[in-house]
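Quick notes on the structure that follows.
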Amino acid sequence: MSAGKTLQLLSVAHNYRERGMAVVIFTAKIDSRSGEGCVSSRIGVSASARVFDPGTVFTRELVGEVACVLVDESQFLLPEQVRQLHRLANQQGGVPVMCFGLRTDFQGVPFPGAAMLLALAEDIEEVKTICSCGKRKATMNIRLGAGGDRVREGAQIEIGGNERYASVCATCFYADGS
């Protein structure tokens, strides 16, 4: 959250396209805050994207010449979908696949897709942001209620942006006995 992951994805897409290379961007169908099939950064840069959902089979979606596959909101991938993308990156000509997303939910529990990405990734680059305390990098996310109070229970997936979530360091995550 608030680290610039989507902006970085859009920058990578721009660099490939600027060189005349075919890029396929995917984003989670469940996250339609910017409109279905739209990847949008907080600073207003956006691009159209294909959507994935639990029924998406990437080996069928990615037939043909593609130079790079970029996945936004990759925490919503299923473990089998991560495996499909991993195979694509390591077979069929080795298409670069870059996934951008969160590791854990608001309770510090790994998303199943994120756990599989961490297990299979050959390279991991952390996109950093600072905690609201200003002292440490943010590595955790907390969910906020309507009044700005912290929500501790609920479904793992509840879509929202900066109005619903905050990025915090582990010290702040555990500060009130969580």
Side-chain angles (χ1 to χ4, degrees), residues 1-13 25-47 49-56 70-83 85 97-121 123-178:
M1 301 282 317
S2 302
K5 294 178 298 299
T6 300
L7 183 60
Q8 187 172 354
L9 177 147
L10 292 168
S11 178
V12 170
I25 300 173
F26 283 95
T27 191
K29 185 173 186 167
I30 191 172
D31 185 1
S32 59
R33 288 174 292 162
S34 299
E36 187 172 306
C38 183
V39 173
S40 181
S41 73
R42 287 175 295 122
I43 66 167
V45 180
S46 63
R50 296 184 192 179
V51 295
F52 69 87
D53 62 24
T56 301
L70 303 171
V71 181
D72 197 32
E73 303 296 349
S74 62
Q75 70 270 16
F76 300 130
L77 290 166
L78 297 177
E80 179 52 34
Q81 291 171 319
V82 173
R83 178 85 57 193
L85 291 167
V97 175
M98 296 177 224
C99 297
F100 298 77
L102 303 175
R103 295 182 301 190
T104 62
D105 67 14
F106 72 107
Q107 294 175 320
V109 176
F111 288 99
M116 184 62 88
L117 281 166
L118 290 168
L120 296 179
D123 186 33
I124 298 171
E125 292 183 29
E126 183 178 37
V127 181
K128 297 176 184 161
T129 191
I130 191 79
C131 178
S132 58
C133 73
K135 298 177 185 172
R136 290 170 285 284
K137 77 176 176 179
T139 59
M140 310 292 286
N141 300 300
I142 59 172
R143 184 179 289 167
L144 304 172
D149 54 317
R150 184 172 178 182
V151 175
R152 298 179 188 288
E153 296 182 6
Q156 184 179 47
I157 298 172
E158 189 174 303
I159 302 302
N162 291 345
E163 76 287 351
R164 295 282 299 144
Y165 292 91
S167 298
V168 297
C169 65
T171 300
C172 290
F173 184 83
Y174 295 113
D176 54 2
S178 298

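Numbers for residues simply follow the sequence, beginning at 1. Source: prediction; values computed, not measured.
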**Fill in**
dist F173:CZ -> T104:OG1 (nearest 0.5 Å) comes out at 7.0 Å
**Point-to-point distance, once rounded to the nearest 0.5 Å, from CD of Q8 to CG of D72** = 11.0 Å
**Message:** Can you tell me how far apart CD (E73) and CD1 (I30) are? Round to the nearest 0.5 Å.
**Reply:** 10.0 Å
**Item:** Non-hydrogen atoms of P79 and P112 that approach each other most closely
**Value:** CG-O, 3.9 Å
**Asked** Where is the tightest heavy-atom contact between F106 and V151, given as atom of each residue plus distance?
**Response** CD1-O, 3.4 Å
**Prompt:** Is any side-chain heavy atom of V51 closer than 4.5 Å to a side-chain heavy atom of T27?
**Reply:** yes
**Request:** Output yes when a side-chain donor or acceptor of Q107 lies under 3.5 Å from a complementary backbone atom of R152, and no otherwise.
**Result:** yes
**Request:** Go through M98 and L9 one step at a time and tell me if the side-chain contact (heavy atoms from CB on, under 4.5 Å) criterion holds.
**Result:** CA-CA 8 Å; M98 296 177 224; L9 177 147; over 6 Å; no
**Fill in**
Per side chain to side chain contact (heavy atoms under 4.5 Å, CB included), K5 is matched among L10, L102, T129 by L102
**Message:** What's the separation between atom NZ in K128 and atom CZ in R136, rounded to the nearest 0.5 Å?
**Reply:** 15.5 Å
**Message:** Can you give me the closest heavy-atom contact between G113 and V82, atom names plus distance?
**Reply:** O-CG2, 3.6 Å
**Request:** Would you give the length of the straight line joining atom CD of Q75 to atom CG of L117, rounded to the nearest 0.5 angstrom?
**Result:** 9.5 Å
**Message:** Would you compute the distance between atom CZ of F26 and atom OG1 of T56 and round it to the nearest 0.5 angstrom?
**Reply:** 7.0 Å
**Request:** Determine, stepwise, if the pair R103 / T139 fulfils side-chain contact (heavy atoms from CB on, under 4.5 Å).
**Result:** CA-CA 9 Å; R103 295 182 301 190; T139 59; 3.7 Å; yes
**Message:** I'd like to know if the side chain of Q81 reaches the main chain of D53, judged simply by a donor and an acceptor atom lying under 3.5 Å from each other, with no hydrogens or angles considered.
**Reply:** yes
**Candidate pair C169 and C133, rule side-chain contact (heavy atoms from CB on, under 4.5 Å), full reasoning** = CA-CA 8 Å; C169 65; C133 73; 4.0 Å; yes
**Asked** Which heavy-atom pair separates V12 from L70 by the least distance, and what is that distance?
**Response** CG1-CD2, 3.8 Å
**Message:** A quick test of your reading: do over 12 heavy atoms of other residues, nucleotides or ligands sit less than 6.0 Å from CD of E126?
**Reply:** yes
**Asked** Okay, side chain of R143, backbone of D105: is any donor-acceptor separation there less than 3.5 Å?
**Response** no
